[in-house]
Amino acid sequence: MSVSKIVLFYVFTPLADPEAVRLWQHALCERHNLKGRIIISADGINATVGGEIHDVKQYVRTTKSYAPFRTADIKWSNGTGDDFPRLSVKVRPELVTFGNPDEVTVTEDGVQGGGVRLGPGQLHKLMDERGDDVVFFDGRNAMEAEIGRFKNAVIPNTDTTRDFIAEIESGAYDEFKDKPIVTYCTGGIRCEILSVLMKNRGFEEVYQLDGGIVRYGETFGNSGLWDGSLYVFDKRMHMEFGSGAESLGRCRECDEPTPLFVNCADESCRKQFLRCQDCTDAGRHPYCGECTAAEAVAPVPAPSVPAKGRA
Ligand SMILES: [Zn+2]
Ligand SMILES: [Zn+2]
């Protein structure tokens with residue numbers, strides 16, 4: 001029987017020749033029939049790939065045999081065997097595009113000047129000590145938080161990671177500048193950068209959730225401070241931490257709870273919005289809120305394609 005696995009990891013470390021690393025990673029993935037998405041920059045690697053468990057293990061072993069990546073913290077999850085449309089391995093100016101590559105310094109010890117790392121247990125300890133003073137700050141795109149988030153989290157108004165700098169400079173969060181702030185994101189990588197940007201802008205006590213929501217969910221499931229579903233950037237689109245998790249998202253058409261995003265049927269829009277499987281199957285409500293005017297003018301049947309994620 002075939003067993004599919006997905007691995008998610010990142011390493012912040014200086015790479016002298018990102019293009020050489022790209023060629024090597026591409027060849028390695030091809031040899032093991034892996035698909036997924038890998039970004040490489042002068043500051044390291046960010047990868048989400050999946051395939052047969054035997055192949056994925058080989059890939060991980062070889063990747064970690066490269067000295068700069070030996071400390072990679074690999075997060076494993078179950079795949080379906082058809083989680084990614086293709087293999088994409090690219091060199092980019094930033095591993096995560098905050099739009100400010102020169103603000104962050106990366107050494108062999110990782111990102112310099114970031115928030116204090118808290119594992120899931122340490123996060124609970126901080127909550128025990130500081131209680132309601134602690135502010136959860138969502139480091140993802142606002143859309144991702146629609147289906148799941150930490151209790152009472154602050155959700156910045158972000159369509160992409162590029163929007164964060166303007167958000168934290170807007171003054172909207174200045175009341176939290178002297179409070180304990182815990183940033184969190186899917187696997188931790190966005191907080192590595194976001195926590196530096198926040199500290200540089202006067203937020204005094206910044207923590208980052210080490211290993212992200214993925215690790216927290218593995219540790220505490222649905223019994224902790226996390227509510228709902230986790231948005232993920234592959235065909236699964238969402239995951240839950242055990243049974244009994246109800247998505248915080250609501251279908252735009254019928255208001256039933258759903259973790260399912262679909263793309264707006266307008267080809268020039270493609271904005272993602274929540275629509276439950278029943279409404280998708282029935283072809284209801286093919287357009288996002290901003291395009292409903294267009295829907296009235298030119299009704300087109302809804303293609304029931306799953307949405308494509310983007311960090
Ligand atoms: Zn519905
Ligand atoms: Zn639209």
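All ligand and atom numbering here is 1-based and tracks the order in the structure. Both backbone and side-chain heavy atoms feed into the values below; hydrogens, waters and symmetry mates do not.
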Ignoring hydrogens and angles, write down the donor-acceptor pairs under 3.5 Å from the side chains of residues 54-61, residues two or more places apart or on other chains.
{"unit_1": "Y59", "atom_1": "OH", "unit_2": "Q25", "atom_2": "OE1", "d": "2.6"}

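Using a 4.0 Å cut-off between charged nitrogen and carboxylate oxygen, R215 and D210 do not count as a salt-bridge pair. Using a 4.0 Å cut-off between charged nitrogen and carboxylate oxygen, E167 and R201 do not count as a salt-bridge pair.
Using the six-membered ring where Trp is involved, F233 and Y231 have ring planes that are perpendicular, over 60° apart on the 30 and 60° scheme. Ring pair F98/F164 is tilted by interplanar angle, where 30° to 60° counts as tilted.
The cationic group of K177 lies under 6.0 Å from the six-membered ring centre of F203 and within 45° of the ring axis, placing it in a cation-pi geometry.
For D138, the side chain to side chain donor-acceptor pair (under 3.5 Å) partners two or more places apart in sequence, or in a different chain, are R140, Y184.
Each protein N/O/S atom under 2.8 Å from the Zn ion (ligand 1) was counted, for a total of 4.
Neither side chain, K271 nor N263, offers a donor N or O lying under 3.5 Å from an acceptor on the other. Using modelled atom types and a 3.5 Å distance limit, the side chains of E192 and Y10 yield a donor-acceptor pair.
Residue-and-atom listing of protein N/O/S atoms under 2.8 Å from the Zn ion (ligand 2), sorted by chain and number: C264 SG, C269 SG, C288 SG, C291 SG.
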